[in-house]
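Here's the structure, in structure tokens; my notes come after.
This is a predicted model, so every value here is computed, not measured.
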Amino acid sequence: MSATVSFKVPSAEGPQPVTVSYARVGRGEPLLLLHGIGHHRQAWDPVVDILATERDVIAVDLPGFGASPGLPEGLSYDLATTTSVFKALCEALELDRPHVAGNSLGGLLALELGRAQLVRSVTALAPAGFWSQAERRYAFTVLLAMRRISRRLPLPLVERLSRSTAGRTLLTSTIYARPGRRSPEAVVAETLALAQATGFDETLRAGTAVQFGDDVPGLPVTVAWGTRDRVLVPRQGVRAKRIIPRARLVRLPGCGHCPMNDDPALVARVILDSSR
């Protein structure tokens, strides 16, 4: 069920109102799902039904992405602010230290929530922040190109391309290793989500200085990486394991940057195993 929730987030200019769109389904311990930059909560659709058999799943549109409005004046898109946003969101939804799983930017946010001890467990799928400077520049170049293309393509052309496997490959092969598995409707929707994301530029700008360098002690952490990730290269997973030595590092064979679509059963199993 899709819904919105509004709450106040502290800022230097006093509490600021934030509204977040989310979908909630299932029963069990709460599990928060966080998508990557330019995406929306529907990125998790391939795994939600599997997860919902054992978890109370809350898939969120990050502020400025999907159906969530951008942050108000006085709130930036940096990690500290975004962590405050999700702390306030959990309080508003009465989520007592949920499990959290995130992909890309969402994986970085999940690790930040873990570092702040706001969650019970963390599953990070190809999380941002473990890059070298050259790898970060490469990833940002790819993301900016995707954004530019999504904003220039007329909607009728996107719809036409989405009807064929070759067209879906052209539109989404940067993030999916198996783009033919994505439905035409989903490809159109996520192309529009990337084009219309009001938080994209400021989020990317804030990410320029991001480098995850601390351990996440005291809770289970899993870092998983697709072997065919074309945005954040898989060797960054080895770096993450060095920084978070007690983390479980999982290979996702044949998966791209957004592995939920490429192998839903495997990704769901990783998340469920990590959130016991």
Side-chain angles (χ1 to χ4, degrees), residues 31 33-54 57 59 101-108 110-111 122-132 135 138-139 141-143 145-146 149 161-191 193-194 221-242 244 247-275:
L31 169 63
L33 300 179
L34 307 178
H35 63 77
I37 187 171
H39 227 151
H40 54 176
R41 67 174 183 263
Q42 288 84 353
W44 296 98
D45 282 356
V47 298
V48 162
D49 287 345
I50 307 172
L51 297 173
T53 62
E54 299 184 38
V57 180
N103 174 224
S104 195
L105 167 64
L108 170 63
L111 289 165
V122 174
T123 308
L125 309 175
F130 296 98
W131 41 44
S132 66
E135 289 164 351
Y138 162 75
T141 299
V142 170
L143 291 167
M146 290 173 60
I149 291 166
L161 288 169
S162 73
R163 294 186 198 118
S164 69
T165 299
R168 293 196 294 280
T169 298
L170 187 66
L171 290 168
T172 65
S173 62
T174 305
I175 58 171
Y176 300 130
R178 296 162 180 152
R181 293 187 176 184
R182 201 74 170 135
S183 74
E185 296 77 16
V187 168
V188 171
E190 62 195 3
T191 303
L194 176 56
V221 175
T222 296
V223 175
W225 230 285
T227 59
R228 296 172 61 189
D229 194 325
R230 298 175 61 188
V231 180
L232 298 177
V233 291
R235 63 174 170 265
Q236 294 174 40
V238 179
R239 222 171 275 146
K241 173 68 174 169
R242 286 202 300 266
I244 312 169
R248 181 174 68 131
L249 180 60
V250 178
R251 251 175 109 255
L252 303 173
C255 290
H257 185 59
C258 298
M260 304 85 76
N261 176 73
D262 291 326
D263 196 335
L266 174 60
V267 170
R269 179 48 49 203
V270 169
I271 294 171
L272 290 173
D273 287 348
S274 305
S275 59

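- Taking a 6.0 Å sphere around CG of D49, one finds it holds 12 or fewer heavy atoms contributed by other residues, nucleotides or ligands.
- In terms of heavy atoms, T165 sits closest to G180 at CG2-CA, 3.9 Å.
- At a threshold of 4.5 Å between non-hydrogen side-chain atoms, the residues R239 and E135 count as touching.
- Between atom CG of residue L143 and atom OH of residue Y138 there is a gap of 9.5 Å, rounded to the nearest 0.5 Å.
- The distance from atom CG of N103 to atom NE2 of H257, rounded to the nearest 0.5 Å, is 5.5 Å.
- V231 and A139 get closest at one heavy-atom pair: O-CB, 3.6 Å.
- The CG atom of L161 sits 10.5 Å away from the OG1 atom of T169 when rounded to the nearest 0.5 Å.
- No side-chain donor-acceptor contact under 3.5 Å links R251 to the backbone of P234.
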Worksheet item: Given the rule in the side-chain contact (heavy atoms from CB on, under 4.5 Å) test, do S275 and E54 qualify, once you have shown the distances and angles that lead to the verdict?
Response: CA-CA 10 Å; S275 59; E54 299 184 38; over 6 Å; no

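- Panel note: side chain R182, backbone N261; no donor-acceptor pair is recorded below 3.5 Å.
- T222 places none of its side-chain heavy atoms less than 4.5 Å from the side chain of D273.
- Using the six-membered ring where Trp is involved, H39 and Y176 have ring planes that are tilted, between 30° and 60° apart.
- Each of I37, T141, I175, T191 was evaluated against M146; a single residue qualifies, I175, per the side chain to side chain contact (heavy atoms under 4.5 Å, CB included) test.
- Of the residues V270, D262, D229, T227, the one that meets the side chain to side chain contact (heavy atoms under 4.5 Å, CB included) test with L252 is V270.
- Between L266 and P259 there is no side-chain heavy-atom pair separated by less than 4.5 Å.
- You'll find the side chain of L194 stays beyond 4.5 Å of the side chain of E190, heavy atoms only.
- What you find for P264 and V47 is that their closest heavy atoms are O-CG1, 3.5 Å.
- A 4.5 Å side-chain heavy-atom check between V223 and K241 finds every atom pair outside the cut-off.
- Looking at every heavy atom in both residues, P179 comes nearest to T172 through CB-OG1, 3.2 Å.
- Minimum heavy-atom separation, G256 to A177: N-CB, 3.5 Å.
- Summarising the geometry, atom CG belonging to L125 is positioned 5.5 Å from atom CD1 belonging to I271; distances are rounded to the nearest 0.5 Å.
- Shortest non-hydrogen contact noted between P127 and L111 is CB-CD1, 4.0 Å.
- To the nearest 0.5 Å, atoms SG (C255) and CE (M260) are separated by 10.5 Å.
- Here the CZ atom belonging to R269 is positioned 5.0 Å from the CG atom belonging to L272, to the nearest 0.5 angstrom.
- Side-chain atoms of V238 and W225, non-hydrogen and from C-beta on, never get closer than 4.5 Å to each other.
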